[in-house]
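I have placed the structure first, in the form of C-alpha cells, so that the comments after it can refer back to it.
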Amino acid sequence: MIFEKTKIQDVYLIKPTPFRDERGLFRRHFCIKEFREHDITNRILQANISENPHKGTLRGFHYQLTPHAEGKTLSCLKGSIYDIVVDLRKESKSFLQWEYFKLDEKNRFSIHVAPGCANAFLTLEDDSLIHYYCSEAYNAESERGVRWNDPLFSFQWP
C-alpha cells in the first residue's frame with residue numbers, strides 16, 4: 001500500500017498495490033504493520049458498511065469528541081463517492097482546512113481520517129457501497145456534526 005500525505009495533518013490517501021494474474025486481482029486492505037509505520041491508530045474496534053441505493057445521497061459530517069474521538073479508514077467498494085475531510089483539531093497545523101477525495105471501485109483508494117477530523121461523503125453513483133474501519137466504538141454522547149453547507153468552510157460539492 002502507498003500512503004500519501006494530504007494537506008490535512010495525519011490524514012492519508014491510501015493507494016493499493018494490487019497483484020493481478022489470470023485469476024483476477026488480490027490486494028491488502030489493511031496491514032497493521034504498514035499503518036503503524038505511518039503512525040496511524042492501528043486498533044479496530046468497529047467496522048461499518050454504508051449501503052446507498054441512490055446517487056446524490058449525502059452522509060456526514062460526523063465525528064466524536066475525546067475521549068471517544070475515532071480514526072476512520074474508508075473505502076468505496078462499489079460505485080463512487082466524493083468524500084470531504086475537515087480538520088477540527090485546534091492544536092493541528094491544518095485546523096479548519098478541508099480537502100476532498102474521490103473514492104471508487106476502479107481506483108480502489110482508501111482515505112484515513114484522523115481522530116478529531118470529520119468527514120462526509122456524497123454518492124456519485126447509484127448502489128454505492130462504503131466500508132470503514134473505526135478505532136473507537138460509536139458513542140452517542142460524544143457524537144457531533146458539521147452542516148454540509150456551513151459557511152465557515154464553504155465546502156465545494158459536485
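Excluded from the calculations below are hydrogen atoms, water molecules and symmetry mates; all remaining heavy atoms, backbone and side chain alike, are included.
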Nearest 0.5 Å, what's the CD1-CD1 distance between I111 and I8?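 Separation between the atoms: 8.0 Å.
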To the nearest 0.5 Å, how far apart are CZ in R28 and CE in M1?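 Here the interatomic distance stands at 5.5 Å.
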I'd like to know if the side chain of [X] and the backbone of [Y] have a donor-acceptor N/O pair within less than 3.5 Å.
X	Y	value
W157	W148	yes
S94	Q9	yes
Q64	N139	yes
N48	Q46	no
D150	R147	no
E105	G79	yes
E136	C134	no
T57	T123	no
T73	H112	no
R144	E141	yes

Evaluate whether atom CD of E51 has more than 12 neighbouring non-hydrogen atoms of other residues, nucleotides or ligands under 6.0 angstrom away.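 Open: at most 12 neighbouring heavy atoms sit under 6.0 Å from CD of E51.
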Counting only heavy atoms from other residues, nucleotides and ligands, does the tally under 6.0 Å from NZ of K7 exceed 12?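 For K7, atom NZ is crowded (more than 12 foreign heavy atoms under 6.0 Å).
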Can [Y] be reached from [X] by stepping across I, L, V, M, F, W or Y side chains whose heavy atoms are under 4.5 Å apart?
X	Y	result
L88	Y100	yes
V11	L96	no
Y63	L122	yes

Mind checking salt bridge (Lys or Arg N to Asp or Glu O under 4.0 Å) for R108 and listing every partner two or more places apart, or none if nothing turns up?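 None.
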Under 4.0 Å between a Lys/Arg side-chain N and an Asp/Glu carboxylate O for D104 and K106?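 No, this pair does not count.
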Could you tell me if the side chain of P16 sits less than 4.5 Å from the side chain of F109, heavy atoms only?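 Of all side-chain heavy-atom pairs linking P16 with F109, at least one is under 4.5 Å.
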If we only count heavy atoms from C-beta on, is the I14 to F35 side-chain gap below 4.5 Å?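 A side-chain contact under 4.5 Å exists here.
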Apply side chain to side chain contact (heavy atoms under 4.5 Å, CB included) to the pair K5 and Y12, showing each step before the final yes or no. CA-CA 5 Å; K5 290 184 177 185; Y12 288 89; 3.7 Å; yes
Consider ring pair (Phe, Tyr, Trp, His ring centres under 6.0 Å). Of F153, F155, F61, which one does W98 pass it with?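 Among F153, F155, F61, the one meeting ring pair (Phe, Tyr, Trp, His ring centres under 6.0 Å) with W98 is F155.
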Take S50 and F121 through the side chain to side chain contact (heavy atoms under 4.5 Å, CB included) test and state the conclusion after the steps. CA-CA 11 Å; S50 176; F121 64 82; 3.6 Å; yes
Run the ring-centre check on F30 versus Y133 and record whether the distance is less than 6.0 Å.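 When the ring centroids of F30 and Y133 are compared, they turn out to be within the sub-6.0 Å range.
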